[in-house]
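Please read the structure below before turning to the comments.
Note that these values count all heavy atoms, side chains included, but never hydrogens, waters or copies made by symmetry. Labels below follow one simple rule: chain letters A, B, ... track the order of the sequence lines, proteins then strands, and each chain is numbered from 1.
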Number of protein chains: 2
Amino acid sequence: MGLEEDIKQKKFKSVYQKAGINLTYTTSFMMNRNMRLLKKFGLTLPQFNILRILRGQHPQATTVNDLIDRMLDKSSNASRIVEKLRSKNLVERKACENDRRAVDVSITKSGLDLLAKIDAIEHEFYFGKGSLTEAEAQLLNELLDKGRSCYENEN
Amino acid sequence: MGLEEDIKQKKFKSVYQKAGINLTYTTSFMMNRNMRLLKKFGLTLPQFNILRILRGQHPQATTVNDLIDRMLDKSSNASRIVEKLRSKNLVERKACENDRRAVDVSITKSGLDLLAKIDAIEHEFYFGKGSLTEAEAQLLNELLDKGRSCYENEN
DNA sequence: TTGGTATAGATGTACCTACATATAATGTGA
DNA sequence: TCACATTATATGTAGGTACATCTATACCAA
């Protein structure tokens with residue numbers, strides 16, 4: 001179904017406005033589905049994202065500041081999310097030896113096990129081959145990178 | 001800058017995973033900018049979206065249920081956002097005459113004036129000609145519609 | 001060394017979403 | 001017409017985001 005029918009808006013001011021609204025709408029759809037999938041594992045999206053970053057570093061620890069740098073949504077509040085994960089025993093926190101201001105965060109065995117289970121359904125998180133061909137998905141990536149270039153030096 | 005440098009992730013499992021992450025990242029950039037722009041006018045993004053829907057109907061009123069139907073993020077909580085707008089005198093609420101369960105919401109003169117001011121910077125909300133050509137923006141729309149087709153019958 | 005500044009992280013506030021549930025009004029079938 | 005389901009909206013709760021501010025530590029230059 002085209003965007004016009006989906007949101008009951010007949011006209012857009014420009015193809016650029018339509019693309020912006022389409023991005024919002026499409027991404028919201030995708031994230032809603034991801035959220036529902038993760039809920040079965042007791043995780044929220046930002047909790048899952050942090051766990052994945054920690055697994056990428058494992059067995060090295062990562063500071064909260066590193067997490068903020070690497071999170072998709074830059075300004076989210078990493079220290080509170082880490083605390084949620086710690087309360088579920090999915091991550092560990094300990095004082096950093098080199099810098100006593102910093103906190104070393106690392107994923108636990110329990111966290112790794114949970115991620116391993118989620119890996120099995122990870123393909124459901126994204127557009128699949130049923131909707132876009134590989135070439136189309138590649139083209140989408142290029143258009144997004146190019147579009148985003150207007151935000152260089154922001155954020 | 002390509003996605004890999006931006007989020008410091010070298011490899012993706014597939015071009016589909018990369019497109020999904022790219023969508024999230026790019027949309028988050030765009031919405032962050034829109035949010036900052038709207039903040040100068042004392043509005044949040046969902047408040048702005050509701051005001052625009054109401055302007056589209058003006059001078060007819062719209063029920064809360066209509067708003068939920070037409071919002072980009074379907075499941076958001078329209079009645080609380082309407083209350084925020086009412087407390088700023090940007091919208092009015094009154095009991096619907098035909099259906100006493102429903103509430104008629106309409107935009108006020110003050111709300112229309114505010115939107116008129118925002119119209120002047122509306123082009124800054126989206127990718128502009130500086131990043132994508134019109135043909136590329138059109139292609140992006142088509143790819144998003146096609147990608148989203150895998151979610152048909154969801155939400 | 002000391003005073004100023006930068007950095008890492010935690011925390012308070014206002015707003016938001018997702019989901020469950022409550023309340024009131026409406027529709028409907030026996 | 002009466003019991004029951006449905007609909008429109010409101011509200012409570014848990015979690016998240018943006019932003020400002022606070023504390024402790026680290027760095028740095030006179």
Could you state the atom-to-atom distance from CG of B:Asn98 to P of D:dA8 in whole Å?
13 Å
Phosphate OP1/OP2 of D:dA8 contacted by B:Asn65 side-chain N/O (<4.0 Å):
yes
Tell me which nucleotide among D:dG16, C:dT17, D:dC19 gets nearest to the side chain of A:Asn77.
D:dC19
Which nucleotide in D:dA10, C:dC19, C:dT17 has an atom nearest any side-chain atom of B:Val103
D:dA10
Taking for B:Lys39 and for A:Pro46 the nucleotide of DNA chain D with the nearest heavy atom, the one nearer the 5' end belongs to A:Pro46
Separation of atom CE in B:Met31 from atom P in D:dT17, rounded to whole Å:
12 Å
Please determine whether side chain to side chain donor-acceptor pair (under 3.5 Å) holds for the pair A:Arg70 and A:Asn49, giving the CA-CA distance in whole Å, both sets of side-chain angles, and the decisive distance to 0.1 Å.
CA-CA 10 Å; A:Arg70 299 198 41 199; A:Asn49 287 331; over 6 Å; no
Assess whether a salt bridge exists between B:Asp113 and B:Lys109, defined as any Lys/Arg side-chain N lying under 4.0 Å from an Asp/Glu carboxylate O.
yes
Without decimals, in angstroms, what is the distance between A:Leu67 CG and D:dT17 P?
13 Å
Give a yes or no on whether a donor-acceptor pair under 3.5 Å exists between the nucleobase atoms of C:dT26, that is its base, and the side chain of B:Arg101.
no
Reckon A:Lys84 has a side-chain N or O less than 4.0 Å from the OP1 or OP2 of D:dA14?
no
From B:Glu136 CD over to A:Leu143 CG, what is the distance, rounded to the nearest 0.5 angstrom?
6.0 Å
Touch check for A:Glu83, heavy atoms < 4.0 angstrom, all strands: base, sugar-phosphate only, or nothing?
nothing
Whether the side chain of B:Arg80 and the base of D:dG12 hold a donor-acceptor pair under 3.5 Å is what I'd like checked.
yes
Tell me which of A:Asp66 and A:Met35 sits closer to the 5' end of DNA chain C, going by the nucleotide each one is nearest to.
A:Asp66
Would you say B:Asn32 reaches D:dA18's phosphate, i.e. side-chain N/O to OP1/OP2 under 4.0 Å?
yes
Of C:dC16, C:dG9, D:dA8, the nucleotide closest to the side chain of A:Thr63 is C:dG9
If you round to the nearest 0.5 Å, how far is CG of B:Leu38 from CD of B:Gln47?
9.5 Å
When rounded to whole Å, the NZ to P distance for the pair A:Lys88 and D:dG15 reads 7 Å
A:Lys40 atom NZ is separated from C:dC19 atom P, nearest whole Å, by 12 Å
Check this one for me: any side-chain N or O of A:Arg100 less than 4.0 Å away from OP1 or OP2 of D:dC27?
no
What I want to check is whether the side chains of B:Glu134 and B:Gln138 have a donor and an acceptor closer together than 3.5 Å.
no
Of all the nucleotides listed (D:dC19, D:dA26, D:dA8), which has the minimum atom distance to the side chain of A:Asp99?
D:dA26
Quick check on the 6.0 Å ring-centre criterion: do A:Phe48 and A:Phe125 meet it?
yes
Is any side-chain nitrogen or oxygen of B:Thr44 closer than 4.0 Å to OP1 or OP2 of C:dC16?
yes
Check the phosphate of C:dA8 against A:Arg93, side-chain N and O only, distance under 4.0 Å to OP1 or OP2. Yes or no?
no
Under 4.0 angstrom between A:Ser79 side-chain N/O and C:dA10 OP1 or OP2
yes
Distance in angstrom units between B:Leu38 CG and D:dA18 C1', rounded:
14 Å
Give the rounded distance in Å between these two atoms: CG of B:Asn34 and P of D:dA18.
13 Å
Between A:Ile81 (CD1) and C:dT11 (C1'), how many Å, whole number?
15 Å
